[in-house]
Amino acid sequence: MSFAVLLAFTVSTFVYFGFVNSYSSTIFNHQNFQEQFQSGIYQYRILSSYFLLWIYDFLGTFEFDYQIFKLKFLDKSAEPRLFLAFYILNTFFLALSAFFLVLIMETKNFIATNSEKILITVVAIFTIAFSQFVIVPYDVASCFLLLLFYYFLLKYVKKLDFSTLIILGIILLISTLIRESSALSISLAATALFTQLKMKKEAVLPVIFLVFIFLVAYLGIRFYYHDFSTTDGNLLAQNLSQPKNFLGIIFWIMFLSLSLFLAKDKKAVRAILVFHALSLPYVYVCFYSGILYEIRLYVPIFLTSLLLARTELGKFR
């Protein structure tokens, strides 16, 4: 446990302070951040921006010499305090992600040797950290909540108790207020429940409940802002024509292959493929309005597939 958390802290610190970020350099300014993340689809991810700006304001209460970090920025308007707020936020959630990765792998239904568990943890942490060449306030937090959902889903599928289902609903609600990729939690729940219970009501009704919770959060915040936009434009042509986005597609293929290679048996392979099939709406949005070069888009799918590769489904009860 301590190894995973310390590794997350160490790797994240190297990523943020050992390299000069070029891709996200313009948002390390408070005004630029506000302009980008409080408009368009970004404005709906309210909790992530709130957390970041709270840390930013908290740091502002101290007289601190940021020169000790010897930070270098490509954008002259960049603020070390905002960059440090990004580091604190994302490192904190990466450490929590590492913590719950270990908890998930210590469950009885996770089939792996100790060496395999360590290697899976390392791969997951490095993948999340590597994707941070695109620095945003919500990606790592959403990965943590996806892993938290996975942990409680294993408990729910084992006993099918209503109280745990409520916890899953609360996690999904909070996760949706951070990023819409929370819909992947529903795909995960459907994969686990349908694998064990097929199309019985014990599987269908919880999924319907989770869909309802997602829609309440997703539509509710759009009613609040009186704006129902779902994307910031059509980037499909760019994703299918620009070389850098081809590289992103190769990343998707290679890391899907990696999760399939690590699968313990054919059932695990099928579960990974079913999860991808149920995640097609998210995949479509990524291709339509995302930038595939930003490999962070595939990271939550990969993390889930990595765990499904070694989770024994169908023998919980």
Side-chain angles (χ1 to χ4, degrees), residues 97 100-101 103-112 120 124 142-219 256 259-260 262-285 298-317:
S97 297
F100 274 92
L101 268 170
L103 287 184
I104 291 169
M105 289 187 289
E106 289 303 315
T107 60
K108 293 181 179 179
N109 293 94
F110 196 86
I111 312 300
I120 290 172
S142 64
C143 285
F144 156 67
L145 287 166
L146 179 60
L147 293 172
L148 183 64
F149 186 94
Y150 198 113
Y151 176 72
F152 279 98
L153 179 65
L154 293 182
K155 290 181 174 295
Y156 175 72
V157 177
K158 187 175 182 179
K159 295 183 179 179
L160 297 181
D161 60 307
F162 184 70
S163 60
T164 306
L165 181 60
I166 294 298
I167 293 174
L168 290 172
I170 293 172
I171 296 171
L172 180 62
L173 179 66
I174 296 172
S175 183
T176 306
L177 296 179
I178 287 181
R179 187 183 174 203
E180 301 89 337
S181 61
S182 60
L184 292 174
S185 295
I186 303 175
S187 302
L188 169 60
T191 301
L193 289 168
F194 293 157
T195 297
Q196 180 190 0
L197 301 169
K198 306 305 179 184
M199 294 302 293
K200 294 181 180 179
K201 67 177 182 179
E202 290 86 353
V204 175
L205 292 180
V207 173
I208 292 175
F209 170 75
L210 293 173
V211 170
F212 173 75
I213 294 294
F214 174 80
L215 291 176
V216 167
Y218 184 86
L219 296 177
L256 167 59
S259 64
L260 294 175
L262 293 174
K264 61 181 181 60
D265 53 29
K266 292 182 179 179
K267 290 183 179 179
V269 170
R270 185 163 57 249
I272 293 170
L273 296 178
V274 168
F275 172 69
H276 276 73
L278 294 173
S279 301
L280 283 178
Y282 172 82
V283 174
Y284 167 76
V285 172
Y298 187 70
V299 168
I301 298 181
F302 172 67
L303 288 178
T304 307
S305 300
L306 195 61
L307 294 174
L308 285 174
R310 287 287 164 172
T311 300
E312 180 66 45
L313 296 174
K315 294 183 180 180
F316 291 93
R317 300 176 66 192

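The figures here come from the full heavy-atom set of this structure, side chains too, leaving out hydrogens, waters and symmetry mates. Quick note: residue numbers are just sequence positions, from 1. The structure displayed is predicted, hence computed values, not measured ones.
Every residue two or more places apart in sequence or in another chain that forms a salt bridge (charged side-chain N to carboxylate O under 4.0 Å, His left out) with Lys264 is listed here: Glu312. With sequence neighbours excluded, no residue forms a side-chain hydrogen bond (donor to acceptor under 3.5 Å, both in side chains) with Asp265. Under the rule for a side chain to side chain contact (heavy atoms under 4.5 Å, CB included), the partners of Ala112 that lie at least two apart in sequence or sit in another chain are Phe110, Glu116, Lys117, Arg310. For Ser175, the side chain to side chain contact (heavy atoms under 4.5 Å, CB included) partners at least two apart in sequence or on another chain are Leu145, Ser182.
Listed here is the closest heavy atom pair of Ala124 and Leu101: CB-CD1, 3.5 Å. Taking both residues in full, the closest heavy atoms of Leu146 and Pro300 are given as CD2-O, 3.4 Å, listed atom of the first, atom of the second, then distance. The two residues Lys201 and Pro206 come nearest to each other via the heavy atoms O-CD, 3.7 Å.
Taking the side chain as every heavy atom from C-beta outward, Ile171 and Ser185 never approach each other to under 4.5 Å. In this structure the side chain of Leu308 reaches within 4.5 angstrom of the side chain of Leu313, judged on heavy atoms. Residues Leu197 and Val204 form no side-chain contact, since every pair of their non-hydrogen atoms from C-beta on lies 4.5 Å or further apart. Side-chain atoms of Thr311 and Leu154, non-hydrogen and from C-beta on, do get closer than 4.5 Å to each other.
Atom OG of Ser259 sits about 4.0 Å away from atom CD1 of Ile272, to the nearest 0.5 Å. The OG1 atom of Thr191 sits 10.5 Å away from atom CG of Leu273, with the distance rounded to the nearest 0.5 Å. Taking CD of Glu202 as the start and CG of Leu160 as the end, the distance is 7.0 Å to the nearest 0.5 Å. Atom-to-atom distance recorded for Arg179:CZ and Cys143:SG is 7.5 Å, nearest 0.5 angstrom. Between atom CG of residue Leu153 and atom CG of residue Leu148 there is a gap of 11.0 Å, rounded to the nearest 0.5 Å. Rounded to the nearest 0.5 Å, atoms NZ (Lys198) and CG (Leu193) are 12.5 Å apart.
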Can I get a per-line list of side-chain donor-acceptor pairs under 3.5 Å for residues 207-215, giving both atom names and the distance, sequence neighbours left out?
none

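Side chain of Ser187 to backbone of Leu278: a donor-acceptor contact under 3.5 angstrom is found.
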Checking side-chain contact (heavy atoms from CB on, under 4.5 Å) for the pair Leu307/Leu147: CA distance, chi angles, key distance, verdict? CA-CA 9 Å; Leu307 294 174; Leu147 293 172; 3.5 Å; yes
Met105/Ile120 under side-chain contact (heavy atoms from CB on, under 4.5 Å): CA gap, chis, key distance, verdict: CA-CA 9 Å; Met105 289 187 289; Ile120 290 172; 4.0 Å; yes
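Within the structure, ring-ring contact (aromatic ring centres under 6.0 Å, His included) pairs that include any residue of residues 148-205 comprise Phe100-Tyr151 (at least two apart or interchain).
Between the side chains of Thr107 and Asn109, no donor-acceptor pair is found at a separation under 3.5 Å.
Checking each of Ile166, Ile167, Leu172 against Ile170 for a side-chain contact (heavy atoms from CB on, under 4.5 Å) leaves exactly one that passes, namely Ile166.
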